[in-house]
Amino acid sequence: MKPITEDDLHAYVDEALDEERREQVESYLQSNRDAMARVTAYRNQSSALRSALDPIVKEAIPVRLNLRHMMPNARENSGTPKWRYAAAGVVLLAVGAGGGWISRGIYSGPSEGVAALAAEATASYRTFAADKARPVEIRVADAEALREMTRATIGMPDALPDLTTIGYRLMGGRTVPTVHGPAVMLMYDDDKGSRLVMLGRKMAADKESAMKDNLQDGVGSWTWARNGIGFSLVGSKPMPELRAIADRAKDEIAL
């Protein structure tokens with residue numbers, strides 16, 4: 001049998017392998033926990049990207065980008081060949097759409113540092129906290145897999161704060177994609193309908209940062225960084241109460 005490569009793992013996630021190779025990969029994953037953790041991360045990334053992009057794909061084309069509104073009426077401009085209008089329309093469409101997508105990426109939120117991490121954590125909270133079917137990919141019952149996930153993603157197997165003494169139990173976690181690389185998302189529940197999300201990832205900027213707060217549309221976060229790893233705790237709770245929980249999480253993480 002040919003050695004299992006990273007390309008095989010990606011093809012397995014994409015369901016692009018033939019039956020024989022798929023069975024070989026599955027057999028390999030059963031005995032290789034690190035490879036299984038990567039496959040789980042790849043699946044989570046695909047799922048998160050679909051969740052983030054599906055609403056955009058379904059958006060209607062703005063009227064201003066409709067070619068019928070962008071090209072002059074041929075009867076009013078009979079002296080100009082129609083192909084010129086068509087070409088102009090295509091150029092305008094490309095520039096308008098491209099500019100829109102570019103500006104959407106630039107102005108959708110902060111670009112780096114703990115501010116960017118807070119925005120990413122808030123997005124994860126809004127995406128997964130309300131999910132009743134599968135809010136996490138790896139359950140807390142599989143503690144070893146959770147530790148392996150955090151180790152493989154941020155290099156810290158013990159970044160799993162215990163918040164039970166303040167009323168929140170760890171449900172589990174998943175790996176989520178960000179523009180700054182993969183992040184670990186942990187979810188907590190108080191069994192009364194309230195959930196918290198903590199996101200952690202490696203930091204290219206703000207590698208050391210004191211607690212910083214952010215509040216947007218009723219969702220608050222406290223974000224900090226130490227030794228090049230950043231964390232952001234997010235929830236729909238009063239900011240002082242959320243700060244106390246974030247302080248406990250910070251103290252619990254062994255850095």
Side-chain angles (χ1 to χ4, degrees), residues 13 33 36-56 58 109 116-154 156-201 214-223 229-238 241-242 244-246 248-250 252-253:
V13 171
R33 183 177 290 273
M36 177 62 81
R38 296 202 304 278
V39 164
T40 298
Y42 299 153
R43 283 175 171 162
N44 289 340
Q45 290 169 5
S46 296
S47 176
L49 285 172
R50 282 195 299 271
S51 297
L53 297 178
D54 274 352
I56 299 172
K58 295 174 182 177
L117 176 58
E120 294 158 0
T122 300
S124 290
Y125 175 84
R126 295 186 187 279
T127 299
F128 296 109
D131 189 340
K132 302 301 182 183
R134 199 178 70 173
V136 297
E137 185 71 22
I138 302 177
R139 296 283 179 177
V140 69
D142 194 349
E144 183 58 33
L146 268 179
R147 284 192 290 270
E148 176 58 30
M149 179 188 71
T150 60
R151 186 203 64 77
T153 307
I154 61 174
M156 296 176 57
D158 297 320
L160 304 171
D162 182 357
L163 304 179
T164 54
T165 58
I166 51 177
Y168 281 88
R169 63 177 177 85
L170 177 61
M171 299 173 64
R174 63 170 73 232
T175 304
V176 298
T178 77
V179 296
H180 301 94
V184 169
M185 188 205 81
L186 301 177
M187 188 174 295
Y188 294 82
D189 191 291
D190 70 350
D191 294 320
K192 299 176 183 178
S194 176
R195 288 179 172 177
L196 303 173
V197 157
M198 190 179 80
L199 197 74
R201 65 165 169 80
N214 183 67
L215 181 63
Q216 183 178 16
D217 298 328
V219 177
S221 66
W222 287 95
T223 309
I229 307 294
F231 296 94
S232 184
L233 186 82
V234 184
S236 299
K237 303 185 72 63
E241 185 176 348
L242 194 63
I245 300 173
R248 171 59 67 87
K250 182 179 180 181
E252 284 279 330
I253 296 172

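We number each residue from 1, following the sequence as shown.
- Proximity of Val234 to Val219: side-chain heavy atoms (C-beta onward) are separated by under 4.5 Å at one or more points.
- Side chain of Tyr188 to main chain of Pro161: a donor-acceptor pair is present (N/O by atom type, distance under 3.5 Å, no hydrogens or angles).
- At least one side-chain heavy atom of Met156 sits less than 4.5 Å from a side-chain heavy atom of Ile253.
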Step by step, work out the side chain to side chain contact (heavy atoms under 4.5 Å, CB included) result for Met187 and Asp131.
-> CA-CA 11 Å; Met187 188 174 295; Asp131 189 340; over 6 Å; no
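- Taking both residues in full, the closest heavy atoms of Ala118 and Thr223 are given as CB-OG1, 3.4 Å, listed atom of the first, atom of the second, then distance.
- Here the shortest heavy-atom pairing between Val197 and Ser124 reads CG1-CB, 4.5 Å.
- Rounding to the nearest 0.5 Å places CG of Leu196 at 11.0 Å from CG of Leu170.
- Remark: the backbone N or O of Leu199 is not paired with any side-chain donor or acceptor of Ser232 at under 3.5 angstrom.
- Atom CZ of Arg195 sits about 5.0 Å away from atom CG of Asp189, to the nearest 0.5 Å.
- Residues Tyr125 and Ser236 come closest through the heavy atom pair OH-OG, 3.0 Å.
- In this structure a side-chain-to-backbone donor-acceptor pair under 3.5 Å is present from Asp162 to Thr164.
- In this structure, the separation between CD1 on Ile245 and CH2 on Trp222 is 12.0 Å, given to the nearest 0.5 Å.
- In this structure, CD1 in Ile138 is found 9.5 Å from CZ in Arg174, a value given to the nearest 0.5 Å.
- When every heavy atom of Leu242 is checked against every heavy atom of Ser221, the shortest pair comes out as CD2-N, 3.8 Å.
- Summarising the geometry of Arg201 relative to Pro182, their closest heavy-atom pair is CB-O, 3.6 Å, with the distance given to 0.1 Å.
- Between Arg169 and Val140, the closest side-chain pair of non-hydrogen atoms is not below 4.5 Å.
- Between Phe231 and Leu186, the closest side-chain pair of non-hydrogen atoms is not below 4.5 Å.
- In this structure the side chain of Thr178 never reaches within 4.5 angstrom of the side chain of Leu117, judged on heavy atoms.
- The line from CE of Met198 to NZ of Lys250 is 12.5 Å long, rounded to the nearest 0.5 Å.
- Interatomic distance, Met185 CE to Glu137 CD, rounded to the nearest 0.5 Å: 10.0 Å.
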